[in-house]
Amino acid sequence: MLVANSDNLATFVDLKLESMSDSSRPLNFLEHIIEEDLKNGFPQRALRFRFPPEPNGYLHIGHASSICLNFGLGLRYNAPVNLRFDDTNPDKEEQEFVDAIKRDVEWLGYKWDTERYASDYFQQLYDWALVLIKNGKAYVDSQSAEEMAAQKGTPTEPGVESPFRNRSVAENLELFQDMKMGKFQEGKHALRAKIDMSSSNMLMRDPIMYRVLHKAHHRTNTDWCIYPMYDWTHGESDYIEQVSHSLCTLEFAMHRELYDWFLNQVVETNKVRPKQREFARRNLSHTVVSKRKLARLVEEGIVDSWDDPRMPTISGLRRRGYSPEAIRNFADTIGIGKRDNLIDVSLLEFQVRDHLNKVAPRVMGVLDPLKVVITNYPDGEEWLDAENNPGNEDAGYRKVPFSKEIYIEKADFKEEANKKFFRLKLGGEVRLKNAYIIKAESCTKDKDGNIIEVQCTYDPKSKSGSGSEESLRKVKGTLHWVSVSHAVEAEVRLYDRLFTDESPDTHKEKDFMEFVNPSSLEVITGYLEPSLKKAQIGDQVQFQRMGYFCVDPDTTATKLVFNRTVGLRDSWAKISSKQ
Ligand code: ATP
Ligand code: MG
């Protein structure tokens with residue numbers, strides 16, 4: 001289901017923004033659950049939340065929803081929120097990812113209460129596993145993974161009990177301890193919870209709690225060669241941290257029964273018993289939000305890195321020039337759903353544009369240059385006043401150099417054009433932004449017939465801001481421009497959607513990689529006004545009439561690199577409405 005598309009975007013966002021600025025905005029269904037708990041006597045001071053990423057990749061825009069949700073609840077209820085790394089799979093996890101995740105959560109503007117790691121609880125989890133064995137609730141199964149799978153049954157047929165299910169407590173304890181001591185190869189034994197092989201919930205059919213894995217862990221190194229499974233770890237970690245509401249995505253709904261079963265084995269009466277509740281995953285159109293799939297884009301060289309500005313990762317969006325405010329507003333605007341849905345990426349772009357419109361200084365840059373010679377302009381230069389942000393008086397003015405030879409965009413000139421073409425045509429006039437009115441007199445072509453230069457005259461009395469009658473004269477078009485001899489060359493990276501399909505990973509017969517947009521990146525040379533010589537990495541500007549751009553970290557002392565963050569309007573909406 002597509003919740004909002006660009007057609008109804010404006011109204012949708014207006015309505016939502018209105019309701020957000022009102023502190024009495026309607027509660028989402030998770031807040032309703034919390035309110036109900038408070039009403040039933042749960043003390044507000046015992047509320048506690050967590051954001052629990054697995055450090056197996058970089059965070060993406062989907063995670064941003066979960067971050068905004070959990071930390072948002074922390075702010076609303078003045079409750080602590082932990083950042084917990086769910087690091088139980090040494091195969092995929094790395095310190096690099098831990099560092100990136102911390103950076104991203106901080107950048108989004110949130111502060112966690114304490115930094116936790118599931119791996120810090122390995123000993124406690126092991127001790128609890130011993131308790132389960134002693135209570136006859138867990139056993140060591142010595143079958144192969146294939147044998148166990150063959151006994152699982154189907155949703156309509158009960159499974160078959162393992163021949164090792166009724167091992168004695170003593171034998172189980174010994175085997176489990178030997179597993180921990182490293183006496184067995186991988187796959188030789190596993191510890192399983194003894195629940196119910198005929199449960200209608202397949203997850204309750206004696207799930208595996210531990211497997212042998214002879215792998216070094218990024219934090220515990222080789223201390224352990226048995227690793228706890230997600231289901232066994234997650235709820236118990238919530239319990240150790242006394243998390244009151246453990247919010248996860250819908251695919252865990254079926255796991256809730258197991259979450260509760262595992263808690264029942266350890267919970268003490270005077271402690272908070274965590275409650276798992278599920279909400280819908282956030283899917284964004286024209287991209288994929290799964291660390292595993294994003295990892296493929298990096299590994300197969302489709303993008304340069306996890307923080308490639310085309311990636312929907314937080315670090316990619318940051319490098320692209322998206323602000324934390326825009327991402328938070330996006331998460332808030334969409335809210336929390338109960339059913340999986342696909343959100344059009346133009347909604348995120350709307351928020352980005354909205355924010356940049358307020359803060360980004362206006363500058364001039366020509367991306368596809370055509371030389372214009374102003375034949376009656378004297379040699380030399382003059383420095384004109386240019387307003388930094390018409391929406392913000394405090395932003396002030398800067399100086400831009402004007403001279404006889406300037407660049408304009410190729411698309412802004414035609415030899416002949418109809419009345420609707422408000423740009424420059426032979427015999428026609430336009431105003432140059434912050435400068436003069438010019439008139440196109442003639443043009444020069446190369447041997448292939450391409451226009452390579454336009455000759456114009458200017459009206460010396462028409463200078464913007466001079467107050468003269470001519471300066472107030474209205475002409476239909478205003479163009480941006482850059483003085484040729486003062487222009488600063490920069491590498492400009494123009495990004496487009498990473499996938500051509502709205503939902504690339506929902507096709508049954510086709511791999512999502514088949515929908516990669518072959519022209520998601522175009523690198524060109526831009527000619528920029530000289531004030532940009534001093535631009536610093538991360539600076540954000542509006543190239544007037546062209547879009548919002550930011551300075552990429554690839555910038556060096558001798559080379560400026562700009563990323564196009566977003567265009568001035570939604571170009572995809574135009575394309576799709578034409579079809
Ligand atoms: P991925 O498949 O991308 O690795 P994941 O769910 O396995 O996603 P985790 O690191 O386990 O990633 O997720 C941390 C938290 O973020 C979990 O609570 C998870 O439910 C939530 N989360 C992950 N993806 C999304 C999403 N697309 N929308 C909302 N929440 C998400
Ligand atoms: Mg995961």
Side-chain angles (χ1 to χ4, degrees), residues 3 28-30 49-74 81-89 91-94 96-102 104-105 108 110 112 115-119 229-231 233-235 237-238 241 243 245-256 259 274-298 306 311-317 327-328 330-343 345 347-348 503-506 512:
V3 160
N28 66 44
F29 77 98
L30 292 169
F49 307 96
R50 91 286 172 262
F51 171 63
E54 185 184 354
N56 63 344
Y58 282 59
L59 296 180
H60 49 63
I61 186 75
H63 292 112
S65 292
S66 176
I67 294 170
C68 293
L69 167 68
N70 284 295
F71 284 95
L73 288 170
V81 185
N82 288 346
L83 174 63
R84 177 186 337 129
F85 292 97
D86 238 330
D87 55 348
T88 55
N89 185 0
D91 252 348
K92 301 264 163 59
E93 298 159 3
E94 287 173 34
E96 177 200 344
F97 298 137
V98 169
D99 297 339
I101 288 170
K102 284 165 64 176
D104 288 349
V105 175
L108 277 174
Y110 295 110
W112 52 85
E115 180 181 332
R116 304 291 189 115
Y117 293 82
S119 56
M229 302 299 285
Y230 174 87
D231 284 315
T233 313
H234 202 87
S237 301
D238 286 338
E241 292 173 22
V243 166
H245 294 78
S246 173
L247 309 173
C248 59
T249 34
L250 277 179
E251 71 272 22
F252 290 102
M254 289 292 278
H255 294 246
R256 197 203 285 182
Y259 180 99
K275 191 179 222 180
Q276 175 186 305
R277 288 295 177 270
E278 308 83 20
F279 63 96
R281 268 183 115 71
R282 168 74 37 82
N283 297 308
L284 196 64
S285 76
H286 300 94
T287 193
V288 289
V289 278
S290 143
K291 289 191 227 107
R292 192 172 46 78
K293 291 175 190 158
L294 294 172
R296 263 186 77 192
L297 293 168
V298 179
W306 282 94
M311 291 281 267
T313 50
I314 309 275
S315 48
L317 299 175
I327 296 175
R328 289 199 308 260
F330 170 70
D332 281 351
T333 303
I334 283 141
I336 296 300
K338 281 189 184 174
R339 237 176 280 148
D340 278 339
N341 53 41
L342 179 68
I343 306 293
V345 65
L347 235 152
L348 175 58
S503 280
D505 52 355
T506 56
F512 72 97

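Atoms within each ligand, like the ligands themselves, are counted from 1 in listed order.
The residue from Arg281, Glu54, Lys92 that puts a heavy atom closest to atom 6 (O) of ligand 1 is Arg281. Remark: among candidates Ser290, Gly57, Ser66, the nearest residue to atom 21 (C) of ligand 1 is Ser66, based on non-hydrogen atoms. Evaluated by nearest non-hydrogen atom to atom 26 (C) of ligand 1, the leading choice among Gly62, Ala280, Cys68 is Gly62.
A donor-acceptor contact shorter than 3.5 Å links the side chain of Thr313 to the backbone of Trp306.
Remark: Glu241 does not engage Arg50 in a salt bridge, criterion side-chain N to carboxylate O under 4.0 Å.
Against a heavy-atom cut-off of under 4.0 Å, Pro53 is close to the following atoms of ligand 1: 10 (O), 14 (C). Close contacts between ligand 1 and Arg282 involve ligand atoms 26 (C), 27 (N), 28 (N), 29 (C) [criterion: under 4.0 Å to a heavy atom]. Against a heavy-atom cut-off of under 4.0 Å, Thr249 is close to the following atoms of ligand 1: 19 (C), 20 (O), 29 (C), 30 (N), 31 (C). Short contacts between ligand 1 and His60, defined as distances under 4.0 Å to a heavy atom of the residue, involve ligand atoms 3 (O), 24 (N).
For Lys293, the heavy-atom gap to ligand 1 stays at 4.0 angstrom or more. Within the 4.0 Å heavy-atom cutoff, Phe252 does not count among the residues contacting ligand 1.
Here the straight-line distance linking atom CZ of Arg281 with atom NE2 of His63 works out to 7.0 Å at 0.5 Å rounding.
Aromatic rings from Tyr259 and His255 are positioned such that their centres are separated by 6.0 Å or more.
For ligand 1, the polar-atom distance check finds no N/O of Asn283 at less than 3.5 Å from any of the ligand's N/O atoms. Polar contact check, His63 against ligand 1: a nitrogen or oxygen pair lies under 3.5 Å apart. Annotation: Lys291 places an N or O atom under 3.5 Å from an N or O atom of ligand 1; distance criterion only. Considering backbone and side-chain N/O of Ser65, none are found under 3.5 Å from N/O of ligand 1.
At a 4.0 Å heavy-atom cut-off, ligand 1 does not touch Arg292 at all.
Residues Lys291 and Glu54 form a side-chain contact, since some pair of their non-hydrogen atoms from C-beta on lies under 4.5 Å apart. Residues Phe330 and Leu347 form a side-chain contact, since some pair of their non-hydrogen atoms from C-beta on lies under 4.5 Å apart. Put simply, the side chain of Ile67 does not reach to within 4.5 Å of the side chain of Pro53, judged on heavy atoms.
When every heavy atom of Gly337 is checked against every heavy atom of Phe29, the shortest pair comes out as O-CE2, 3.5 Å. Residues Asp86 and Pro52 share a closest heavy-atom pair of OD2-O, 3.7 Å.
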